[in-house]
Amino acid sequence: MSTTTAARNRRRFRPGRAAATVVAVLVSLAWVFPVYWMLNSSFLPNTVLTSTTPRFLPIGGSLDNFVAVIAQGTFWPALGMSLAITLTTVAFCLVFAFLAALAISRFRFRGRASFVLAVLFIQMLPAEGLFIAQYKLMSSINLLNSVAGVSILYIAAVVPFTIWMLRGFVAGVPIELEEAAMVDGLSRTQAFFRITFPLLAPGLVASGVYAFLQAWNEFTVALVILQKEEYRTLPLWLRGFVQASATRATDWGQVMAASTLVAVPVIIFFLIVQGRLTSGLVAGAVKG
């Protein structure tokens, strides 16, 4: 009995594991601290933030910064613009990337290798080198300052990498599963949607998260295409808010509150999708 207890103690108190845990905690704190500082500063008045003594807890803070930011009336239109562009981008990216990944992984056709190389080549093009062409294209078809114009450019930028993400998930599902279902009497379409498609759900969720983050946080393309103030997305709104503050004494409390408002929808979305992604992975492992 004593031998078993000693063995358990050795497993529990390994110096290497303890050191790795300490390092992981320190790295996590270093990563989380900027986010915490943004949240903390958003509740404090500007006089406290500009003082030489930092305040690490929002003692005596209030929601005045958030009220002042929202009261300007430009946050909700920018939020609606960002949501419209982001949801459009995610929906079309998943459809196009899913069909392309399915074609690459399941079928052999002429030009398949060229298509794969083209996807790789597109990823190597710098986004800045396309701004002039993108602007002229959107201007020629009257899609400047519109949800459709920005969404088209976002879809074109996000789809190639999304194809590669989904390609790995599709290739990881054995085609023999569909063939076995077809032997049992299902058609190819029925076998795909009943057997293969549920196993690809985690890949679709992961790709959707990637597309969402790319579209939500994108700044440079939106800056080029969306030139009117009433059509700004949240990143452009935040830039304009900071610039407006810079014309006077910068109110860092309001800037931090505005940054928090931009970040909160992303955090909520990720927390919701993360749970679904984990459950989807477990379900796929059991079915496989």
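Remember, it's a predicted structure, so these values are computed and weren't measured experimentally.
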Do P198 and F193 have side chains that approach each other closer than 4.5 Å (heavy atoms only, starting at C-beta)?
no
Begin from the C-alpha positions of S41 and W252 and carry the test side-chain hydrogen bond (donor to acceptor under 3.5 Å, both in side chains) through to its verdict.
CA-CA 8 Å; S41 302; W252 290 110; over 6 Å; no
Cut-off 3.5 Å, side chains only: do Q214 and Y154 have a donor facing an acceptor?
no
Nearest heavy-atom pair of N46 and G253: which atoms, and what distance?
OD1-N, 4.0 Å
Determine the minimum heavy-atom distance between R239 and L223, stating which atoms define it.
NH1-CD1, 3.7 Å
Distance, nearest 0.5 Å, that separates CG of L200 from CG of L166:
8.0 Å
Please check if L83 and Y231 belong to a single hydrophobic cluster, counting links between Ile, Leu, Val, Met, Phe, Trp and Tyr side chain heavy atoms closer than 4.5 Å.
no
May I ask whether L234 and V147 are part of the same hydrophobic cluster, defined by side-chain heavy atoms of I, L, V, M, F, W, Y residues being less than 4.5 angstrom apart, directly or through others?
no
Nearest heavy-atom neighbours spanning A191 and A181:
CB-CB, 3.8 Å
Give, for atom CE of M81 and atom OG of S146, the distance between the pair rounded to the nearest 0.5 Å.
6.5 Å
Does L117 have more than 12 heavy atoms from other residues, nucleotides or ligands lying within 6.0 Å of its CG?
yes
State yes or no: do F161 and V170 share one hydrophobic cluster built from I, L, V, M, F, W and Y residues joined by side-chain heavy-atom distances below 4.5 Å, directly or via other members?
no
Between V266 and F212, is the side-chain contact (heavy atoms from CB on, under 4.5 Å) condition met? List the steps.
CA-CA 9 Å; V266 180; F212 182 93; 4.3 Å; yes
Can you tell me how far the CG atom of L199 sits from the CG atom of L204, to the nearest 0.5 Å?
11.0 Å
Counting only N and O atoms by type, is there a donor-acceptor contact under 3.5 Å from the side chain of N217 to the main-chain atoms of L213?
yes
Cluster link L261 to L39, ILVMFWY, side chain under 4.5 Å:
no
For the atom pair CD (Q227) and CG (L236), what is the distance rounded to the nearest 0.5 Å?
11.0 Å
Give a yes or no answer on whether the side chain of S140 reaches the backbone of L137 with a donor-acceptor pair at less than 3.5 Å.
yes
Do N145 and I225 pass the side-chain contact (heavy atoms from CB on, under 4.5 Å) test, and can you show the C-alpha distance, the side-chain angles, and the key distance before you say yes or no?
CA-CA 6 Å; N145 301 301; I225 303 301; over 6 Å; no
To the closest 0.5 Å, what do you measure between CZ (F197) and CD1 (I195)?
13.5 Å
Heavy-atom closest contact (L153 atom, Q134 atom, distance)
CD2-CG, 3.8 Å
Distance-only, no hydrogens or angles: does the T162 side chain make a donor-acceptor pair with backbone N or O of V158 under 3.5 Å?
yes
Is there a donor-acceptor pair closer than 3.5 Å between any side-chain N or O of E218 and the backbone N or O of A222?
yes
Is the ring centre of F43 less than 6.0 Å from the ring centre of F66?
yes
For W76 and I70 the tightest heavy-atom approach is NE1-CG2, 3.5 Å
Go through the steps to decide whether F219 and T233 satisfy the test side-chain contact (heavy atoms from CB on, under 4.5 Å), and finish with yes or no.
CA-CA 8 Å; F219 176 79; T233 58; over 6 Å; no
When hydrophobic residues are tied together by side-chain contacts of less than 4.5 Å, even through go-betweens, does I163 share a cluster with F169?
yes
Can you find a pair of side-chain heavy atoms, one from S259 and one from L238, that are under 4.5 Å apart?
yes
Does a sphere of radius 6.0 Å around OH in Y36 hold more than 12 heavy atoms from other residues, nucleotides or ligands, not counting ones at 6.0 Å or beyond?
yes
Give a yes or no on whether the backbone of R55 and the side-chain of N40 come within a donor-acceptor separation of less than 3.5 Å.
yes
Minimal non-hydrogen separation, P160 against A156, with atom names:
CD-O, 3.3 Å
Distance alone, cut at 3.5 Å: any donor-acceptor contact between the side chains of S82 and W216?
no
Distance, nearest 0.5 Å, that separates CE of M138 from CG of L226
11.5 Å
Should we count OH of Y210 as having more than 12 external heavy atoms under 6.0 Å?
yes
Strictly distance-based, threshold 3.5 Å: is any side-chain N or O of R232 a donor or acceptor partner for the main-chain N or O of E229?
yes
Is there a donor-acceptor pair under 3.5 Å between the side chain of N65 and the backbone N or O of L44?
yes
Test applied, side chain to side chain contact (heavy atoms under 4.5 Å, CB included); reference residue, S151; option that passes from L87, V90, T88:
T88
